[in-house]
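Heads up, the thing below is written out as structure tokens.
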There are 2 protein chains.
Amino acid sequence: MTTLKDIAKRANVSVMTVSRVVKNSGYVNTETRKLIEAVIKELDYRPNEIARSLHRSSTNNILLVVPDIENPFFAEMIKGTTTVLRQYGYQSIFADSDGEIGNEKAIADRALSRIVDGVILYCPRAEAAYFDFLSARIPLLVVDRRIASHAVDHIYIDNKPSAQAAVDYLIANGHRDIGLIGGPQNVLANLRRKSGYLASLKAHDIPVTDQYMFFCGFEFEDGVSAFDYFWRMERRPSAYFATNDLMALGFIQQAHEKGLAIPGDFSVVGFDNIAMSRLISPALTTVDNPRRDMGALAAFRMLRKLDPTVEVPQFEMTNRMVIRGSVRNIA
Amino acid sequence: MTTLKDIAKRANVSVMTVSRVVKNSGYVNTETRKLIEAVIKELDYRPNEIARSLHRSSTNNILLVVPDIENPFFAEMIKGTTTVLRQYGYQSIFADSDGEIGNEKAIADRALSRIVDGVILYCPRAEAAYFDFLSARIPLLVVDRRIASHAVDHIYIDNKPSAQAAVDYLIANGHRDIGLIGGPQNVLANLRRKSGYLASLKAHDIPVTDQYMFFCGFEFEDGVSAFDYFWRMERRPSAYFATNDLMALGFIQQAHEKGLAIPGDFSVVGFDNIAMSRLISPALTTVDNPRRDMGALAAFRMLRKLDPTVEVPQFEMTNRMVIRGSVRNIA
DNA sequence: TTGTACGCGTTATCAG
DNA sequence: CTGATAACGCGTACAA
């Protein structure tokens with residue numbers, strides 16, 4: 001592990017001269033520079049970034065905390081973020097909280113020991129007060145979660161309007177009996193999607209039918225269960241709004257299993273626009289969630305916090321409907 | 001940003017005494033300890049890990065480099081690794097090479113400036129010599145790639161035997177015309193799967209038919225193309241071995257699209273056992289690839305390199321057939 | 001153009 | 001039990 005000192009000794013100069021060569025700053029005699037460069041190569045010297053970090057008290061590391069990296073939604077966000085960070089010379093320290101508040105806090109707390117310059121929390125589960133606490137101590141960005149406190153920087157798209165638009169679309173296609181495959185009721189984004197569903201019905205003077213709303217987990221299997229649930233009903237909806245694509249896929253899969261056709265027998269709209277939605281048959285009509293851009297924006301916003309001269313490009317942070325083949329017009 | 005010195009000043013003691021309290025080492029008078037602890041709390045002191053790292057010249061960081069975090073295969077491996085690392089007090093620095101050799105090397109090279117204690121490369125693309133270079137400078141582990149050099153630590157499962165077993169299984173079910181959906185020909189694991197296919201045919205004295213082998217990418221769409229390719233043939237195979245599940249899924253999807261039944265009309269076997277394979281209908285018969293365990297093993301092996309007292313648990317690093325519903329016995 | 005001294009925050013050593 | 005000192009590797013400020 002060779003250091004500046006080793007080079008200096010070998011080249012018969014002071015460490016400072018070597019440092020100047022390494023950083024390419026200040027005046028150095030061309031001859032000595034050449035000599036030093038040779039020695040550097042010979043001894044395979046590389047600056048110790050830890051020492052540098054200590055000196056300038058910044059690390060060029062950003063901590064990213066996600067609930068579950070196996071979920072493609074977060075994987076794509078992370079990719080958006082790391083790509084940008086790397087372009088600006090920052091490394092990503094990555095941690096998976098397994099969706100547990102305890103882990104989440106433990107991870108973020110460690111960041112307070114100056115191993116990173118900033119923290120990005122993706123869809124965190126912790127209570128609001130914790131973000132105030134963190135934000136007071138280190139540059140913090142919260143992604144995909146609405147934060148009341150003005151003190152905490154965050155990126156959040158309200159999913160309600162686009163969910164409403166999705167249901168509006170079903171109604172425009174002649175459907176009035178619309179089922180909700182509602183997912184878990186303790187995740188904010190999901191609740192906003194439900195709100196959109198309710199708002200659309202209300203706007204069209206369609207009464208809400210409690211049995212038409214099915215609440216469950218967030219997975220493919222939950223879509224399967226949803227189908228089974230609705231299948232047992234005597235008078236069942238002609239169209240379904242699933243609050244995420246995975247459930248919509250499960251629903252469709254099970255419909256096929258039972259010999260039903262989509263969109264012939266039932267229409268389905270999902271939410272998120274995951275990769276698989278485009279690939280199945282019929283391709284799923286859904287609402288795009290620009291997670292990659294959210295990730296990139298998070299990176300830029302963090303970079304800007306650390307260096308106000310950084311330009312944050314414009315991203316269109318909107319959910320957009322993607323019309324494909326899973327809805328039939330019955331009007 | 002409060003330091004030991006601040007605490008010391010406030011408590012009227014030396015930094016060393018404070019340090020002892022913080023690290024809970026050595027003798028400290030109970031009274032002074034209490035006082036110091038109070039001041040620590042009051043000033044919200046946290047040790048500077050960078051300074052510690054500099055001193056002990058180790059960072060407790062491990063660098064993980066994957067070709068693409070959006071690929072669930074890698075996401076799961078990473079999860080296996082980070083979970084173990086975290087249990088042992090290590091953080092994961094994460095980087096995505098986008099599958100490009102240039103990025104891969106640039107990332108790993110940065111690791112040489114002592115920001116991490118070790119490097120784990122997942123399915124790297126670089127040439128063999130580079131691993132020797134890296135391995136000579138920093139603890140290195142290469143995962144999911146066979147390495148000739150004995151000097152480079154690696155974790156690798158030869159996929160050939162299990163691929164062979166998969167094709168054996170088709171043959172045992174009465175199939176003799178077996179198509180290969182072969183994926184890309186520049187990825188080692190994939191080539192080994194093809195070798196298994198060939199070996200099985202040979203072992204059963206079934207001649208190899210060139211037109212029965214279709215080479216393509218690695219994605220869902222490639223499975224779709226494969227179906228279209230075979231569909232055009234006059235005399236087509238009754239069974240297919242896809243060298244990964246994603247392609248098998250695309251194949252099945254397209255078969256359904258064309259009104260064909262699996263396994264009624266064609267039998268299909270995949271490889272990898274991704275989550276989706278269990279969920280579709282018919283559930284896919286495939287070969288499990290223990291990526292999560294590979295990830296965990298990678299972590300343990302790295303930990304052991306850094307600290308020889310670490311115990312590496314036994315993992316059964318084998319591909320295992322998962323029999324589900326996509327193969328029909330036509331004997 | 002080159003070198004000296006000091007500090008970044010922590011800890012090991014040794015003396016008191 | 002406590003404290004002074006040096007060291008980790010680098011870079012800023014100031015001299016020479």
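Residue numbers begin at 1 in each chain, while the letters A, B, ... track the order of the sequences. Quick caveat: nothing in here was measured; it's all calculated off a predicted structure. Side chains included, hydrogens not; waters and symmetry mates left out as well; all remaining heavy atoms used.
Of the two residues near DNA chain D, Arg46(A) and Val28(B), the one whose nearest nucleotide lies more 5' is Val28(B).
Side-chain contact of Tyr130(A) with Asp109(A): a donor-acceptor pair under 3.5 Å is present, judged by distance alone. Defined by atom type and a distance below 3.5 Å, a donor-acceptor pair is missing between the side-chain atoms of Tyr45(A) and Thr3(A).
The interatomic distance linking Ile7(A) (CD1) with dC10(D) (C1') rounds to 13 Å, in whole Å. Rounded to whole angstrom, the span from the CG atom of Asn12(B) across to the P atom of dT2(D) amounts to 13 Å. Rounded to a whole Å, the CD1 atom of Ile36(A) is 15 Å from the C1' atom of dC10(D). Straight-line distance from the CD1 atom of Ile50(B) to the P atom of dG9(D): 15 Å, rounded to whole Å. Between the CG atom of Asn48(B) and the C1' atom of dC10(D) there is a distance of 15 Å, rounded to whole Å. Taking atom CG of Leu4(B) as the reference point, atom C1' of dA12(C) lies 14 Å away to the nearest angstrom. The nearest whole Å value for the distance from the CD atom in Glu49(B) to the C1' atom in dT10(C) is 10 Å. Met1(A) places its CE atom 10 Å from the P atom of dC8(D), with the value rounded to the nearest Å.
A sub-4.0 Å separation between OP1 or OP2 of dG9(D) and a side-chain N or O of Ser57(B) is absent. Between dG11(D) and Arg52(A), a contact under 4.0 Å exists linking OP1 or OP2 to a side-chain N or O. Side-chain nitrogen and oxygen atoms of Lys23(B) include at least one within less than 4.0 Å of the OP1 or OP2 phosphate oxygen of dA12(C). One finds no side-chain N or O of Thr17(A) lying less than 4.0 angstrom from the OP1 or OP2 phosphate oxygen of dT1(C). Distances shown here put a side-chain N or O of Ser19(B) below 4.0 Å from the OP1 or OP2 atom of dT11(C). For Tyr27(B), no side-chain nitrogen or oxygen approaches OP1 or OP2 of dG3(D) to under 4.0 Å.
Comparing dT10(C), dG3(D), dG11(D) by their closest approach to the side chain of Val13(B) singles out dG3(D). Residue Ser14(A) places its side chain closer to dG3(C) than to any other of dG3(C), dC10(D), dT10(C). Comparing atom distances between the Met16(B) side chain and each of dA5(C), dG9(D), dA12(C) picks out dA12(C) as nearest. Closest to the side chain of Lys5(A), out of dG9(D), dG9(C), dC8(D), is dC8(D).
Residue contacts shown for Thr3(A) are limited to sugar-phosphate atoms, with no base heavy atom under 4.0 Å away. Contact annotation for Ser53(B): no contact, since no heavy-atom pair falls under 4.0 Å across all strands. Counting any heavy atom pair closer than 4.0 Å across all strands shown, Val22(B) reaches no nucleic acid atom.
Aromatic ring orientation, Phe94(B) versus Phe94(A): tilted (interplanar angle from 30° to 60°).
Of the charged side-chain nitrogens involved, none lies within less than 4.0 Å of a carboxylate oxygen, so that Asp158(B) and Arg146(B) do not count as a salt-bridged pair. Ionic pairing of Glu76(A) and Arg291(A) is present here: one or more N-O contacts between side-chain nitrogen and carboxylate oxygen are shorter than 4.0 angstrom.
No option in Asp96(B), Asp98(B), Val65(B) other than Asp98(B) meets the side-chain contact (heavy atoms from CB on, under 4.5 Å) test with Asn103(B).
One cannot find a donor-acceptor pair under 3.5 Å joining the base of dG11(D) and the side-chain atoms of Arg20(A). Taking 3.5 Å as the limit, the base of dG9(C) and the side chain of His55(B) contain no donor-acceptor pair of atoms between them.
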